[in-house]
Amino acid sequence: MAINSANNTSPSGLDPLAQPFRLLGIDPGATASEMDAAIARAQERRIAPETSLAEACANLLDPVRRLPSELSYPLDGTPDRVELFFTELSADASDEDILQASAQLAPISKANFIARYAARRGASSELLLALIDAHNSIDVMEIYQALQALRQRAGWPPPSLANVRDGLNDLLNAHCVAVIEAYDPVGSAAEPLLESTHQILATRDRPLIQTHSLLLAVYRRAIGEVRSKAEQQVEDACQSLKQRPDDPSSIEGLADALHRWAFLCEPLLVLDAQDGVSDPAMNVTSDRIFGLLGDLSNQHHYLRAQQVLDHALDAFGSIPDTAARLAEVGEILRDMQRAASKAIEPDRDLTVPEGSSRFRHVKKGMLAAAALLAMLGLLGAYWTFDFGAASSVASTPNPPQPKTEPEPELLPPVGNGQRFSREYVRYCHFQGERLRVVKQQVRGPEDIRAFNTLANDYNSRCSDFFYQDEDLRLVKEEVIAKRKLLEADAERILSTWPWHKSAGGAPAASSR
C-alpha cells in the first residue's frame with residue numbers, strides 16, 4: 001500500500017480530541033451526577049478552552065444534539081476497543097496500517113475511525129471501499145438497542161428508531177462530505193472514486209451500491225463549478241473545430257478538453273449507466289459532440305469527423321448507450337467515406353447503369369448519409385438520388401402550407417426526464433405518427449436499417465419527458481386533425497430512400 005501524505009488534523013466533527021464524551025472522560029451511559037463531576041474536573045484541570053467545554057456540555061445536555069455525539073462514539077466497543085478507537089496512529093500511517101487497526105472495530109466504530117483518516121488526505125480507493133462497506137454493515141436495530149440501554153442507564157429518554165436511522169444517514173453524509181473535501185483539487189478524487197465504483201458495482205450488492213452512490217452524490221455537487229468549466233472548454237473546442245476543421249491544433253484542443261471532462265465525470269457516468277438513469281446535465285457534452293459530427297459530415301470533412309469520433313469513443317466508452325450510438329455513427333461514417341471515394345471516378349463520361357455495382361455502392365452511401373443525419377438530429381434533411389449524381393437538399397416533412405401559419409414543431413434535445421414545451425411535445429407525437437406509417441411499409445433489410453435509425457433517434461428524444469396536460473390534449477387533437485398530412489409526411493420520408501425511388505416509389509401503405 002502506498003503511504004499518503006497527511007497533516008494529522010481531522011476536520012471539525014471527526015477530531016477524536018473534540019469528541020464530547022472523550023473530552024469529559026465519560027461514556028454515553030454516564031449519569032447526570034457523573035457528568036457534573038466530569039465537567040468540574042475538566043474545568044479544574046483546564047483540559048480544553050472554556051468555549052470547547054461549554055460546547056461539549058451543550059451537546060450532551062440537549063437530547064437532539066446528543067445523538068450525533070453518541071453516534072460518533074464507539075458505542076459497540078469493549079473498553080480496550082474504545083482505547084484503540086481513540087489512539088492516534090502516526091502521521092505517516094499507511095492505508096494498510098489504518099485498515100488493520102479498523103478491522104478490530106465494530107461497523108459504526110470502524111466507519112468513524114476510517115473517516116477520521118480519510119478526511120485528512122485524499123483517500124485511496126481502498127479506504128473509500130472500507131468506509132462504504134463499514135457504513136453498509138451497520139445494523140440500525142443494534143445501534144437503536146445499544147442507545148436505549150445507555151440512555152436508560154444515564155437517565156435520558158431514548159431516541160426513536162426513526163431518529164436513529166436519520167442520525168446514521170446524517171453521519172454517513174458528514175463522512176462523505178469530509179472525505180470529498182479532503183481532495184485538493186477536488187478533481188483528484190476522480191481516479192480513486194472510479195476504482196472504488198468499479199469494484200463496488202462488480203459485487204452486484206444493491207445496498208452497498210446505494211450507500212456508495214451517496215458518496216458520489218457529494219462528489220457530483222462538489223465538482224459542479226469545475227465540471228461547468230470543463231464543459232465550456234469542450235464547447236469552445238467544438239466551435240474552433242467547426243470554424244477551422246483543417247487546423248490540426250483544433251482537433252488536439254478538442255481531444256484535450258474531452259479528456260479533462262471525461263476524467264472528471266467518469267465515476268458518475270459509470271454509476272448512472274449501471275442505474276439506467278440519465279442526468280440531463282451530463283448529456284450536454286455528448287450532445288455537442290453529436291452536433292459537431294453532424295456539421296463536419298455535412299461539410300464532407302469525413303476524416304476530421306472520424307478523428308472526433310475516435311476521441312469521443314474514448315471519452316464516452318463508459319456510457320453504453322452513447323458508446324453504442326457512436327459506434328453506429330462510425331459504421332455509417334465509413335459508408336459515407338467509401339461512397340464519397342467511389343463517386344470520384346476518372347472517367348466522368350461513363351453513365352451508371354441502374355443495376356450496376358457502383359450505383360449500389362453510392363446508394364448505400366446515400367443511405368449512410370441519411371441515417372447519419374437522422375442519428376445526429378438533423379431529421380429535416382433528406383437525401384435524393386439521381387442516376388450519376390448524388391446531392392442533399394434541405395426539406396422538411398411538412399404538409400402543404402395552409403392559409404394560416406402552422407403551429408411550430410421543434411426537435412427536442414436528446415435526454416430523459418426533461419420538461420418539454422408544447423413545440424417539443426408536438427414533434428414527439430407528430431413524428432411518432434409518421435414512424436407508425438413508415439413502419440407499416442418496412443420490407444427489406446435496407447428498410448429495416450433506415451427505420452431503426454429513425455426510431456433510435458426518436459426514442460433518444462421522446463421516450464421519457466414531462467409535459468403539461470393541456471399541451472398533450474391539444475397535440476393529440478392536432479394529430480387526429482392532421483393524420484392525412486402526417487401520413488403524407490411518412491410517404492415523403494419513404495420517397496427519399498434511394499432504393500424506394502429506384503424501384504419506382506414506395507409501395508402503398510398496408511393496413512395491419
Side-chain angles (χ1 to χ4, degrees), residues 213 217 220-221 224 227-228 231 234-235 265 268-294 312 316 318-326 328-329 371-381 396-399 406-439 450-483 485-487 489-490 493:
S213 69
R220 191 188 299 268
R221 293 192 296 270
R227 191 183 74 186
S228 294
E231 289 170 350
V234 173
E235 170 65 11
C265 298
L268 305 175
L269 297 173
V270 169
L271 180 69
D272 288 348
Q274 171 72 22
D275 290 342
V277 300
S278 178
D279 180 357
M282 300 294 285
N283 293 333
V284 170
T285 297
S286 59
D287 286 349
R288 284 173 178 154
I289 295 302
F290 278 109
L292 176 61
L293 287 169
F316 302 113
S318 57
I319 320 175
D321 290 345
T322 303
R325 289 181 64 205
L326 286 168
E328 190 170 352
V329 167
L372 182 60
L373 288 173
M375 287 191 68
L376 299 177
L378 305 176
L379 294 175
T396 55
N398 288 334
E407 292 293 325
E409 174 187 350
L410 297 181
L411 186 73
V414 172
N416 296 320
Q418 303 178 82
R419 296 189 180 276
F420 278 3
S421 64
R422 184 177 300 175
E423 293 80 7
Y424 290 157
V425 175
R426 182 174 291 111
Y427 169 86
C428 287
H429 284 269
F430 280 19
Q431 186 71 355
E433 179 64 16
R434 295 180 190 116
L435 293 181
R436 182 188 67 81
V437 176
V438 170
K439 184 178 181 180
F451 175 80
N452 285 344
T453 297
L454 294 172
N456 288 340
D457 182 87
Y458 174 83
N459 290 334
S460 72
R461 304 173 191 278
C462 298
S463 62
D464 178 22
F465 61 89
F466 295 98
Y467 54 85
Q468 295 290 334
D469 290 341
E470 178 65 10
D471 290 345
L472 180 62
R473 183 187 67 79
L474 290 174
V475 168
K476 283 186 173 181
E477 291 177 356
E478 292 173 0
V479 170
I480 295 172
K482 297 185 177 183
R483 181 154 287 156
L485 297 176
L486 295 173
E487 289 175 356
D489 286 349
I493 293 173

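Here, residue 1 is the first one in the sequence, and each next residue gets the next number. Quick note: numbers below take in every heavy atom, side chains included, and nothing from hydrogens, waters or symmetry partners.
One distance of note links CG of Asn456 with CZ of Arg461; it measures 11.5 Å at 0.5 Å rounding.
The heavy-atom pair separating Asp471 from Ser421 by the smallest distance is OD2-C, 4.3 Å.
Checked against salt bridge (charged side-chain N to carboxylate O under 4.0 Å, His left out), Arg419 has no partners two or more places apart in sequence or in another chain. Partners of Glu235 by salt bridge (charged side-chain N to carboxylate O under 4.0 Å, His left out), not counting sequence neighbours, listed by chain and number: Arg288. In this structure Arg220 satisfies the salt bridge (charged side-chain N to carboxylate O under 4.0 Å, His left out) test together with Asp272, Asp279, sequence neighbours excluded. Looking at residues two or more places apart in sequence or on another chain, you find a side-chain hydrogen bond (donor to acceptor under 3.5 Å, both in side chains) between Glu433 and Arg436, Arg483. Here Arg221 pairs with nothing under the side-chain hydrogen bond (donor to acceptor under 3.5 Å, both in side chains) rule; sequence neighbours left out. Take Phe430 and apply the ring-ring contact (aromatic ring centres under 6.0 Å, His included) test, not counting sequence neighbours, and it matches no residue.
The aromatic rings of His429 and Phe465 sit perpendicular, their planes meeting at an angle over 60°, well past the 30° parallel limit.
Using a distance-only test at 3.5 Å, with no hydrogens or angles considered, no donor-acceptor pair links the side chain of Tyr424 to the main chain of Leu410.
Two residues are said to be in side-chain contact when any heavy atoms from C-beta on lie closer than 4.5 Å; Leu326 and Phe316 meet this criterion. Using a 4.5 Å heavy-atom threshold, the side chains of Pro412 and Gln418 count as separate.
Between Glu423 and Arg426 there is no salt bridge, since none of the side-chain N atoms of the basic residue sits less than 4.0 Å from a carboxylate O of the acidic one.
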